[in-house]
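Treat the numbers as computed from the prediction; the structure is a model and nothing was measured. Lettering of chains follows the sequences in order, A, B, ..., and the numbering in each one begins at 1.
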Protein chains: 2
Amino acid sequence: MSVQERKERERAHRHQLIVATARELAESQGWDAVTTRRLAERIEYSQPVIYGHFREGKREIVGAVALEGFAELTAAIRRAVADGPAGRAAVAALAGAYVDFAGRNPALYDAMFLLDTGLPFAVEATPAPLREAFGTLVETLGEVAGDADPAVFVEVFWSALHGLVSLTRSGRLPREAAAQRLTVLVDRFAGG
Amino acid sequence: MSVQERKERERAHRHQLIVATARELAESQGWDAVTTRRLAERIEYSQPVIYGHFREGKREIVGAVALEGFAELTAAIRRAVADGPAGRAAVAALAGAYVDFAGRNPALYDAMFLLDTGLPFAVEATPAPLREAFGTLVETLGEVAGDADPAVFVEVFWSALHGLVSLTRSGRLPREAAAQRLTVLVDRFAGG
DNA sequence: TCGAATGTCTAGCAGTGCTAGAATCCAGTC
DNA sequence: GACTGGATTCTAGCACTGCTAGACATTCGA
């Protein structure tokens, strides 16, 4: 194994270490606690090494965490609908998985859907994990779109889920009755 | 008019000047550009004077801006439904007004629904402008709730609107087809 | 006019994201 | 094994952030 390969492996490992450390810090203490100084301390290098891996700085790190999140969201949704539920059961399963995912990974969710990451959505350059996540939503929900364009329908349903999640998390909707709100939403979107 | 009254008038004026300046800066350059140094420069006092008005610091300033926003949102929605539209027309008018309000006042909207302001929602201590805004939504939409609790129904519809607005603004939903998404949402919620 | 209370300012703290250039290390060549 | 050049990492620092202690200035009542 060449010196070059070993160097590349070390670099990739360090890159992943930074991303994992950022995510850990974010989930335990919030994104405000994730600073490049703290990441550097945690990985036992100086700050400029962080910038050697992420040329666009902190926002690129948040983007890298988000990418992981999309892969995991896709997996969570696929597991939720693995039994092949149809109609309302599919919508409910997907909605439940989405809200559960957001609840278990609040900082990851913020990286994916709230914070500025620079990741392009819905264009040619959109990274594969993002496309795949959205594609999974369309696969699952396309059949209940009725007259609406399935992609547009999915965008609207996703928006509603995102709205419930983010308003609840920021304290603008009470946590009580969250399940009831989800039921109302599923009823409205699975109704035909 | 007493010295005390004049002092209080001056203080109230300065307080309002800080809030208005924060909002102007936020709408023109984003909330990141709103710093207490810049606000102080703009109002021609030093930084500690800002803290003399807002003991909780910047987040209290953002909250003050948000309060104004709620009053304006209420007015905008009331204007949109002043003709007394019913059923789907009422839902559409309200949804259009909400999205339009968010589009015209992006930073104000962020203060209201994204940023940490410390303002309590949906509890005893919730400020009147917030209660009034929500009450206006319930007044307008309550009749189309069908079997659902009107307040819960309104929470869900508002979440969906918020989701559309915030995902579009952050570039996660394309601006194209925004009107189409709104139509799909209104159809789902006005459908009975 | 004076003194106390109030209001405002200066100066500074601890932290942020980020980078230039110095220092160190590594690997290839002789 | 030594040397050299390139790569990597570090130190030091910049410009900025939110915020505050104590000094200074102003105001107003007696």
Side-chain angles (χ1 to χ4, degrees), chain A residues 1-19 21-23 25-26 28-66 107 110-111 115-118, chain B residues 1-19 21-23 25-26 28-66 107 110-111 115-118:
Chain A
M1 198 166 287
S2 77
V3 165
Q4 198 71 10
E5 284 171 335
R6 178 186 50 79
K7 282 184 165 188
E8 279 168 23
R9 243 184 11 269
E10 282 174 2
R11 186 177 172 82
H13 177 260
R14 200 160 49 240
H15 187 282
Q16 185 47 43
L17 184 60
I18 294 168
V19 174
T21 304
R23 180 176 168 175
L25 256 182
S28 62
Q29 302 176 40
W31 278 106
D32 285 343
V34 180
T35 68
T36 49
R37 278 183 180 82
R38 254 186 223 167
L39 288 178
E41 276 170 32
R42 288 278 185 107
I43 67 170
E44 287 170 304
Y45 281 83
S46 65
Q47 258 185 297
V49 170
I50 304 285
Y51 292 91
H53 285 270
F54 298 92
R55 289 302 160 84
E56 286 188 42
K58 189 180 169 188
R59 116 195 231 274
E60 196 183 339
I61 297 170
V62 181
V65 172
D110 284 351
L115 300 175
D116 180 19
T117 60
Chain B
M1 195 166 288
S2 76
V3 165
Q4 198 70 7
E5 282 169 335
R6 179 187 49 79
K7 282 187 165 188
E8 278 168 25
R9 238 181 20 263
E10 282 174 1
R11 186 175 171 81
H13 178 262
R14 200 159 50 240
H15 186 282
Q16 186 45 44
L17 183 58
I18 295 167
V19 174
T21 303
R23 181 174 168 177
L25 258 181
S28 61
Q29 303 178 39
W31 278 106
D32 285 343
V34 181
T35 69
T36 49
R37 278 182 181 79
R38 256 185 222 168
L39 288 178
E41 276 170 31
R42 288 277 185 109
I43 68 168
E44 288 170 304
Y45 281 82
S46 65
Q47 259 185 297
V49 171
I50 305 285
Y51 291 91
H53 285 271
F54 298 93
R55 289 302 160 83
E56 286 188 43
K58 188 181 172 188
R59 123 194 224 275
E60 196 183 338
I61 298 170
V62 180
V65 172
D110 284 350
L115 299 175
D116 180 19
T117 61

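- Nucleotide dC28(D) holds its P atom 13 Å from the CD atom of E8(B), rounded to whole Å.
- Taking both residues in full, the closest heavy atoms of E60(B) and F54(B) are given as OE1-C, 3.4 Å, listed atom of the first, atom of the second, then distance.
- Regarding Q4(A), its CD atom lies at a distance of 10 Å from the C1' atom of dA7(D), rounded to whole Å.
- K7(A) places none of its side-chain heavy atoms less than 4.5 Å from the side chain of R11(A).
- For W31(A) against A111(A), the heavy-atom pair with the smallest separation is CZ2-CB, 3.7 Å.
- L39(B) and I61(B) get closest at one heavy-atom pair: CD1-CD1, 3.9 Å.
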| query | Reading nucleotides 5-18 of chain C 5' to 3', which nucleotides get B (base under 4.0 Å from a protein heavy atom), which S (sugar-phosphate only), which -? | reply | ---SBB-B---BBB
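- Nearest heavy atoms, A33(B) versus L25(B): O-CD1, 4.0 Å.
- In this structure the side chain of E8(A) reaches within 4.5 angstrom of the side chain of Q4(A), judged on heavy atoms.
- Here the C1' atom of nucleotide dT9(D) and the CD1 atom of I43(A) are 11 Å apart, to the nearest Å.
- I18(B) places none of its side-chain heavy atoms less than 4.5 Å from the side chain of H15(B).
- One can place CD of E41(B) at 14 Å from C1' of dA15(D), the figure rounded to the nearest angstrom.
- Relative to the axis of its first five pairs, the axis of the last five pairs of the helix from dT1(C)-dA30(D) to dC30(C)-dG1(D) sits at 30°, rounded to 10 degrees.
- Distance, L39(B) CG to dC19(D) C1': 14 Å, rounded to whole Å.
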Going by atom type alone, with no hydrogens or angles, which donor-acceptor pairs under 3.5 Å involve a side-chain atom of residues 41-48 of chain B and a protein atom two or more places apart or on another chain?
from   : atom 1 : to     : atom 2 : distance (Å)
Y45(B) : OH     : R14(B) : NH1    : 3.1
Q47(B) : NE2    : T36(B) : OG1    : 2.9

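- What separates CZ of R6(A) from P of dT8(D) is a distance of 11 Å, to the nearest Å.
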